[in-house]
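Notes to accompany the following structure.
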Amino acid sequence: MSRFPYDAGGPGGGTGERDRQYFDPEAYKIVLFDQRGAGKSTPSASVEKNTTWDLVSDIEKLREHLKIDKWVVFGGSWGSTLSLAYAQTHPARVKALVLRGIFTLRKSELRFLSQDGTSHIFPDAWDEYLAPIPEEEWGDLMTAYHKRLTSEDDHVRTQTAKAWSKWVMSTSKLRVDPKDIARAGQDEWALALARISSHYFVNAGFMREGQPLEKQEIDKIRHIPTVIIQGRYDVVCPARSAYDLKKVFPEAELIIVPDAGHSPWEVPTSKLLTE
C-alpha cells in the first residue's frame, strides 16, 4: 500500500476530512498533515519557528515516526511549494509527486495576487480587500497587511484577517462560492490563514528568489515521476508558474485544466486529481 502525505495550501489553510476524497483507501494510506499554526496544530495562527524549512523537517520527522520508507507527496497551491521543497531536500524518500496550482513565492507571483494583477479581474472583491488599509499604504499592501496581522490589538488582527481571507476565497474559483465566503468570516480559520500566509509572503517563503525552479534544485528530482495539474484561469497561482516549472523540468507531465481556476474543489480539477 502506497503512503500519501497531503500538504495543504495557504500557508495556514489546514486540512479537512474532504481532503481524503482524492485517495482510494484500499490502495493508499493517507497522511493529512496540519502545518505549524494551521488546522489542528497548536497554538493556532502561530508564526514562531514557522518557516518552510521547519515544515520540511516536520514532514521528514512524520515519515520517520510512521516508519515509511518512501511515499507519494501530494500538494496544491502553497502545498506545491512545500512538496517541492521537501522533495528537493529528501529526494530519496519521494516515490512520486502530484502537484496542483504551482506557487513558488517569486516577487512577480506575490505582486500579482497581493498588489497588481488579480485586482483587475475581481475589482469588486479588490475594493473590499483595500478597505481595512489607509489609502496612503496602498502602495505596499503586503507590508500593510502584515503590520496589522501582527498587531497586538485582537480586533485589528481579526478584522484584517477576515478581509485577507475573503479576498483569497473570492478569487479561488471561476464562480464565487458563498460557502467559501462564509468560511472566511470564521475568526480562528481566517486568522490562521491570513497571519501565516502574510508571514511567509513578506519573507518570500524563506527561500531564494525562484529557488524551487533553479536547475540545481530540479536536478535533484528529475528521476521522480511528477504530475502537475494547473487551472488555466487560476488567478491566485497563475499558470505562468506551472509553465515555468515544466520548462525547467520537462520530465514532469503538465496538465492544464481548460475550465478551472485555483480551487481543487472545482469539478474539472477534482476529477483529474482523483484519476
Side-chain angles (χ1 to χ4, degrees), residues 8-14 34-39 41-55 77-79 81-82 103-172 180-211 235-238 262:
D34 276 337
Q35 299 157 28
R36 297 186 183 204
S41 290
T42 57
S44 180
S46 174
V47 295
E48 201 172 323
K49 295 182 180 177
N50 194 337
T51 72
T52 302
W53 311 111
D54 289 318
L55 301 183
S77 190
W78 156 252
T81 323
L82 185 56
F103 185 37
T104 68
L105 283 88
R106 291 176 293 181
K107 291 175 184 176
S108 61
E109 297 171 54
L110 295 171
R111 181 173 178 79
F112 190 92
L113 175 62
S114 303
Q115 192 68 44
D116 186 23
T118 309
S119 57
H120 293 268
I121 302 165
F122 289 90
D124 45 349
W126 181 251
D127 277 351
E128 293 187 54
Y129 180 68
L130 289 176
I133 309 299
E135 188 171 352
E136 59 269 21
E137 295 183 53
W138 287 0
D140 186 356
L141 287 163
M142 278 204 309
T143 298
Y145 261 91
H146 184 257
K147 180 169 72 174
R148 288 160 179 80
L149 289 165
T150 54
S151 168
E152 294 184 2
D153 186 316
D154 287 345
H155 179 74
V156 169
R157 284 200 310 271
T158 302
Q159 293 307 113
T160 309
K162 287 180 178 179
W164 174 296
S165 300
K166 187 176 182 182
W167 167 242
V168 175
M169 292 295 99
S170 297
T171 57
S172 289
D180 292 339
I181 302 303
R183 192 180 191 194
Q186 298 171 5
D187 290 5
E188 185 173 337
W189 185 85
L191 186 59
L193 176 67
R195 194 163 189 256
I196 297 173
S197 290
S198 176
H199 169 67
Y200 275 78
F201 288 7
V202 299
N203 288 290
F206 304 91
M207 297 182 292
R208 299 182 297 275
E209 173 75 1
Q211 181 175 333
V235 296
V236 176
C237 298
H262 179 66

Original post:
Are W78 and Q35 linked by a side-chain donor-acceptor pair shorter than 3.5 Å?
Top reply: yes
Subject >> Side-chain donor or acceptor of W53 paired with backbone N/O of M207 under 3.5 Å >> reply: no
Original post:
Going by distance alone, is a donor N or O of one side chain under 3.5 Å from an acceptor N or O of the other, for S108 and R106?
Top reply: no
Subject >> Y200/H146 aromatic ring centres below 6.0 Å >> reply: no
Original post:
Do we see a donor-acceptor contact under 3.5 Å between the side chains of H262 and S77?
Top reply: yes
Subject >> Euclidean distance, M169 CE relative to L193 CG, rounded to 0.5 Å >> reply: 6.0 Å
Subject >> S41 side-chain N/O to G37 backbone N/O, donor-acceptor pair under 3.5 Å >> reply: no
Original post:
How far does CG of L141 sit from CG of L110, to the nearest 0.5 angstrom?
Top reply: 12.5 Å
Original post:
Judged by atom type as modelled, is there a donor-acceptor pair below 3.5 Å linking the side chain of R36 to the main-chain atoms of K49?
Top reply: yes
Subject >> Check: G205 main-chain N/O paired with N203 side-chain donor or acceptor under 3.5 Å >> reply: no
**OP:** To the nearest 0.5 Å, tell me how far Y129 OH sits from S119 OG.
**Re:** 10.0 Å
Original post:
How many angstroms lie between atom NE2 of H120 and atom CZ of F112, to the nearest 0.5 angstrom?
Top reply: 8.5 Å
**OP:** Give the C-alpha distance, both sets of side-chain angles, the deciding distance and a yes or no for salt bridge (Lys or Arg N to Asp or Glu O under 4.0 Å) between E128 and K162.
**Re:** CA-CA 10 Å; E128 293 187 54; K162 287 180 178 179; over 6 Å; no
**OP:** I would like to know whether F201 and W164 meet ring pair (Phe, Tyr, Trp, His ring centres under 6.0 Å); could you show each step before the answer?
**Re:** CA-CA 13 Å; F201 288 7; W164 174 296; 5.7 Å; yes
Subject >> From T160 atom OG1 to K147 atom NZ, the distance as rounded to the nearest 0.5 Å >> reply: 10.5 Å
Subject >> Backbone of S151 reached by a side-chain donor or acceptor of R157 within 3.5 Å >> reply: yes
